[in-house]
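Below: one structure, written as structure tokens.
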Amino acid sequence: MNQPVDVDVLVIGGGIVGLTAAIAMGARNYSVGVLDAGVLHVDEVISNTRVYAINSSSKQLLQELHVWQHLKASSSAPFNAMHVWDSTTDAAIDFNARDIAAPMLGTIVTESALKQALLNTIATYPNIRLWPNCPIDAIHRESEMMHVSNQEGVWQSSLLMIADGAQSAARTLLGVSVTTWPYNHHALVATVNTTKPHDNTAWQVFHPDGPLAFLPLSTTHQCSIVWSTEPKKVQYLMQLPEEAFNNEVSIAFGHRLGDVSLASTRHQFPLHMRHVKEYVGPHWLFLGDAAHTIHPLAGLGLNLGFADIRSFISQLETPGSYFAPKKLRAYQRQRKHAVWQSIILMEALKRLFSHTTAPLPAIRGVALKLCNQLTLIKRLMMEHVG
Ligand SMILES: Cc1cc2nc3c(=O)[nH]c(=O)nc-3n(C[C@H](O)[C@H](O)[C@H](O)COP(=O)(O)OP(=O)(O)OC[C@H]3O[C@@H](n4cnc5c(N)ncnc54)[C@H](O)[C@@H]3O)c2cc1C
């Protein structure tokens with residue numbers, strides 16, 4: 001490949017956010033290239049265990065891009081209620097779709113199904129080309145074009161949409177720094193069977209050392225669990241024999257869904273807050289985990305990536321070229337502010353539930369009970385995450 005490949009938009013990273021961004025731009029008739037370090041196939045083993053709680057704005061974006069229509073019904077599960085409680089005081093708060101006059105609060109979707117739906121949608125666009133196994137090595141700007149290269153070749157484009165994930169190589173190549181801190185939690189993710197039905201409800205218990213969530217899957221007695229806790233405890237849980245693990249999860253969850261039994265392998269993810277100091281520069285922008293990673297306790301991370309895409313495509317409605325500096329700056333203004341709000345909210349929730357010294361648990365218990373009575377407050381909370 002001697003001549004540079006010329007595209008209007010070059011997306012770096014073909015994860016869920018990169019593929020969605022490619023479709024959003026392809027649907028607007030731009031020629032799009034996607035470079036990904038991996039195979040760009042669906043990895044059933046890992047991807048079936050990873051699930052996302054998709055909120056209503058994200059679903060709407062995927063519907064507008066005709067991706068939702070490609071999702072297999074059996075791999076998505078709507079949930080219409082959330083039950084959250086504090087293990088120290090047992091105080092709880094319930095959210096119900098009825099409170100916001102919505103048919104559901106969100107949908108749980110497996111990563112494999114979502115990725116497959118994105119790849120199937122891309123197959124209908126002749127103006128989107130994918131380059132798998134193509135990790136980038138260098139980025140530079142030359143006469144108002146960005147050039148990206150590796151051993152396979154060179155690509156040039158007026159706009160780089162960078163979505164190469166939390167460890168973004170593009171971030172390093174462009175010299176963009178991040179604000180970061182560790183959450184001192186790892187997340188253990190697995191699929192489990194339960195002896196009681198999940199009632200299309202998302203469940204989460206907050207322990208002082210971190211939250212344990214049960215997300216309802218399409219089978220009535222199956223959930224995906226996300227247990228975020230101290231790294232040492234996650235190591236211990238990862239190595240426990242299956243029966244002992246089942247017992248630990250059932251106890252930590254207060255047997256709310258009866259007895260739990262493991263139905264998949266266990267995976268763990270270290271958790272860090274990261275937020276880029278610059279979302280944009282001349283002819284480039286960051287989105288998805290390349291721009292921000294947050295604690296999964298509210299299932300917001302991917303939804304923030306979709307909100308990045310929505311924010312940028314709304315700029316395309318304004319006059320000027322798609323890579324105009326003022327559009328990029330407006331995108332940065334919107335996203336920096338909104339993402340900081342979510343980062344602060346996650347930090348506040350994590351800290352609020354970690355205190356065990358009196359009188360904090362008692363105050364927390366009363367506050368939760370009070371919030372549970374106040375439909376208006378609950379509606380505002382649901383609208384923030386929806
Ligand atoms: C335990 C856990 C539970 C979560 N639950 C939820 C949830 O319920 N709801 C929710 O909204 N979010 C959730 N999240 C967050 C969500 O997983 C991420 O926000 C989302 O996967 C980010 O997608 P992405 O496409 O930005 O990045 P990634 O999925 O990391 O994709 C990055 C892509 O870039 C490619 N790449 C990497 N390096 C290069 C390179 N050098 N050159 C080219 N390509 C490269 C990779 O191969 C990959 O395909 C959760 C996160 C965790 C850890």
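Counting starts at 1 for both ligands and their atoms, in listed order.
Pairs of residues two or more places apart, or lying in two chains, never qualify as ring-ring contact (aromatic ring centres under 6.0 Å, His included) while including a residue from residues 99-128.
Side-chain rings of W85 and H83 approach one another, their centers coming within less than 6.0 Å. Aromatic rings of H295 and H185 (six-membered ring for Trp) have centroids within the 6.0 Å cut-off, being under it. In this structure, the ring of H147 has its center no less than 6.0 angstrom from the ring center of W155.
Counting heavy atoms only, D164 comes closest to atom 36 (N) of ligand 1 of the residues L40, V11, D164. Scanning L302, V51, L271 for the heavy atom closest to atom 5 (N) of ligand 1 points to V51. The residue from P296, G305, A291 that puts a heavy atom closest to atom 4 (C) of ligand 1 is P296.
C223 is listed as a side-chain neighbour of L257, based on a closest heavy-atom distance under 4.5 Å.
Among protein heavy atoms, atom 35 (C) of ligand 1 sits closest to D36 OD1, 3.1 Å. Ranking protein heavy atoms by distance to atom 44 (N) of ligand 1, first place goes to A37 N, 3.0 Å. At the shortest separation from atom 13 (C) of ligand 1 among protein heavy atoms lies Y52 CD2, 3.8 Å. Among all protein heavy atoms, the one lying closest to atom 31 (O) of ligand 1 is G15 CA, 3.5 Å. Nearest protein heavy-atom neighbour of atom 42 (N) of ligand 1: I136 N, 3.2 Å. At the shortest separation from atom 19 (O) of ligand 1 among protein heavy atoms lies D289 OD1, 2.6 Å.
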Would you give me the side-chain donor-acceptor pairs under 3.5 Å for residues 7-21, sequence neighbours excluded?
residue, atom, partner, partner atom, Å
D8, OD2, S31, N, 2.8
D8, OD2, S31, OG, 3.3
T20, OG1, I16, O, 2.6

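Under a 4.0 Å criterion applied to the non-hydrogen atoms of G301, ligand 1 contributes the atoms 10 (C), 11 (O), 12 (N), 15 (C), 19 (O). Every atom of ligand 1 with a heavy atom of G38 under 4.0 Å away is listed here by number and element: 47 (O).
Of all the heavy atoms of L35, the ones lying under 4.0 Å from any atom of ligand 1 belong exclusively to the backbone. Residue-level proximity to ligand 1 for S58 is absent, since no heavy atom of it falls below 4.0 angstrom.
In terms of N/O distances under 3.5 Å, ligand 1 is approached by N303. Every N/O-N/O distance between G165 and ligand 1 stays at or above 3.5 Å.
Comment: R256 engages D90 in a salt bridge, judged by a side-chain N to carboxylate O separation of less than 4.0 angstrom.
Of the possible donor and acceptor atoms, one in the side chain of Q204 sits under 3.5 Å from a partner among the backbone N and O of L297.
Relative orientation of the Y322 and Y30 rings is tilted, given thresholds of 30° and 60° on the angle between their planes.
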